[in-house]
Amino acid sequence: MRRLLAILLPGLLLLTACGGSTAEPEPTSVSAGETAKFDSLKLTDNGDKKAPGVEFTKPLEVAEPTIKVITEGNGEAVKANQVANISILALNGTDGSTLEDTFPGEPEPLELNDELKTSSEVIYNAFVGAKVGSSLALAVPGQQSAPAPSPSDGASPGPSAAAEPTQLLIIKVLSAEDVAPVLEKPEGETVTPPAGLPTVSEKDGVPEINVEGVAAPTALVSQDLIKGNGATVKETDTLTVNYVGVTLEGGTKFDSSFDRGEPASFPLTGVIKGWTQGLAGKTVGSRVLLVIPKDLAYGDEGQGEAKGDLVFVVDILGAK
């Protein structure tokens with residue numbers, strides 16, 4: 001959802017302050033704000049992979065965040081705690097120029113969970129109850145130009161910051177799906193790894209890694225020990241995992257979520273390259289052995305006790 005947040009962040013921050021009641025959402029989408037400003041808005045559907053044609057009276061200006069279903073789809077209503085897969089067209093409210101268009105790419109997932117409800121109840125309530133195939137309009141107020149500073153001590157006043165126009169976002173709900181539950185442990189088919197890799201045993205549900213006699217890797221090794229039956233992990237996913245990490249030289253354990261007593265969650269784009277490259281394409285439910293050359297880990301300097309080539313066992317418990 002990183003791309004979506006980059007587009008919606010200004011609106012999300014503003015919408016937080018305008019969330020209204022904390023009552024449970026109605027079974028149909030709830031509009032909010034100056035919805036009469038959308039009376040002139042007309043959409044021409046061009047399919048799921050091409051942005052719609054958009055007509056509206058310009059300039060579009062709103063004083064408060066405004067959201068409404070403009071065209072209703074024919075699908076099932078989106079439910080709380082589902083993931084809505086959406087595409088977004090962001091327009092300049094003053095002249096209608098395109099600021100962002102995600103329609104040609106893969107849909108963006110928007111998880112309709114308690115976190116979204118707390119941070120932006122207006123958006124949450126608009127999506128929960130909207131039907132698949134619907135197009136929503138979200139208008140985010142522009143920011144006024146900052147006043148020029150008063151001259152002091154003979155200094156010349158600086159230029160005013162440019163005002164930002166209202167943004168108009170057209171958001172199409174392409175599909176909705178239930179969120180797969182996070183697993184408690186790996187689930188799938190046991191795989192026998194090839195010879196020459198670190199060996200992995202298990203004690204009380206915790207993997208133990210033996211690196212004795214294992215040669216330094218010439219490339220990243222990503223080997224399934226258990227092949228999970230869940231969704232395929234994408235490089236842009238946020239994962240929930242349990243893991244153990246040891247150094248290849250000496251087998252020193254330097255990190256373990258098992259020792260902390262709870263799984264870890266992180267975006268796969270925000271970890272060492274060996275994890276990003278080694279876990280993308282794997283499946284939820286898998287237990288994966290990673291043998292990572294130092295150039296895909298923490299380099300020559302290392303990080304704490306994590307020095308040189310590293311070995312991890314990673315249980316992929318969830319992805320979103």
Is there a donor-acceptor pair under 3.5 Å between the side chain of Thr276 and the backbone N or O of Leu268? yes
key: Heavy atoms of other groups near Asn46 CG, more than 12 under 6.0 Å   = yes
*Donor-acceptor pair, Gln277 side chain versus Gly274 backbone, under 3.5 Å?*
no
Salt-bridge criterion met for Lys320 and Asp237 (N-O under 4.0 Å)
no
CZ of Phe258 to NZ of Lys203, rounded to nearest 0.5 Å, is 14.5 Å
- Pairwise side-chain contact, Val200 with Leu289, heavy-atom cut-off 4.5 Å (strictly under): yes
Separation between CG (Leu138) and CD1 (Ile88), nearest 0.5 Å, reads 9.0 Å
Here the gap from Leu136 atom CG to Glu72 atom CD, rounded to the nearest 0.5 Å, amounts to 10.5 Å
- Can any side-chain N or O of Ser119 pair as donor or acceptor with the backbone N or O of Glu115 at less than 3.5 Å? yes
Separation between CG (Asp315) and CG (Leu239), nearest 0.5 Å, reads 12.0 Å
*asked:* Are Phe254 and Phe312 an aromatic pair, judged by ring center distance below 6.0 Å?
replied: yes
_Checking side-chain polar atoms at under 3.5 Å, does Tyr124 have a donor or acceptor matched by the opposite partner on Asn113?_
no
Please check if the side chain of Thr28 supplies one atom and the backbone of Gly129 the other of a donor-acceptor pair under 3.5 Å. no
Between Thr283 and Thr232, do the side chains contain a donor N or O and an acceptor N or O under 3.5 Å apart? no
When rounded to the nearest 0.5 Å, the distance separating CG of Leu279 from OG of Ser286 is 9.5 Å
* To do: Using a 4.5 Å cut-off on heavy atoms from C-beta on, say whether the side chain of Trp275 contacts that of Leu220.
  => no
Self-check item: Exam field: side chain Thr66 to backbone Glu34, donor-acceptor pair closer than 3.5 Å
Solution: yes
I'd like to know if Asp295 pairs up with Lys273 as an ion pair, taking the criterion as any Lys NZ or Arg NE/NH1/NH2 lying under 4.0 Å from an Asp or Glu carboxylate oxygen. no
| request: Spell out, as yes or no, whether a donor-acceptor pair under 3.5 Å connects the side chain of Thr240 to the backbone of Gly318. | output: no
Only residue of Asp101, Ile171, Thr102 satisfying side-chain contact (heavy atoms from CB on, under 4.5 Å) with Leu89 is Asp101
In this structure, NZ of Lys185 is separated from CD1 of Ile226 (nearest 0.5 Å) by 9.0 Å
Per side-chain contact (heavy atoms from CB on, under 4.5 Å), Ser29 is matched among Val69, Val78, Val173, Ile67 by Val69
Looking at Phe56, I'd like to know if the NZ or CZ of Lys58 sits under 6.0 Å from its six-membered ring centre while staying within 45 degrees of the ring's axis.
yes
**Study point:** Thr252 (side chain) donor-acceptor with Val246 (main chain) under 3.5 angstrom
**Key:** no
- Query: Do any N or O atoms from the side chain of Ser256 and from the backbone of Asp259 form a donor-acceptor pair under 3.5 angstrom?
  - Reply: yes
Give the C-alpha distance, both sets of side-chain angles, the deciding distance and a yes or no for salt bridge (charged side-chain N to carboxylate O under 4.0 Å, His left out) between Lys307 and Asp300. CA-CA 7 Å; Lys307 299 181 185 298; Asp300 291 323; over 6 Å; no
Of all heavy-atom pairs linking Ser134 and Gly73, the shortest is OG-N, 2.8 Å
Partner of Arg287 under side-chain contact (heavy atoms from CB on, under 4.5 Å), picked from Glu202, Gln223, Lys227, Lys282, is Glu202
- Task: May I ask you to say whether Lys79 pairs ionically with Asp178, meaning some side-chain N is under 4.0 Å from a carboxylate O?
- Result: no
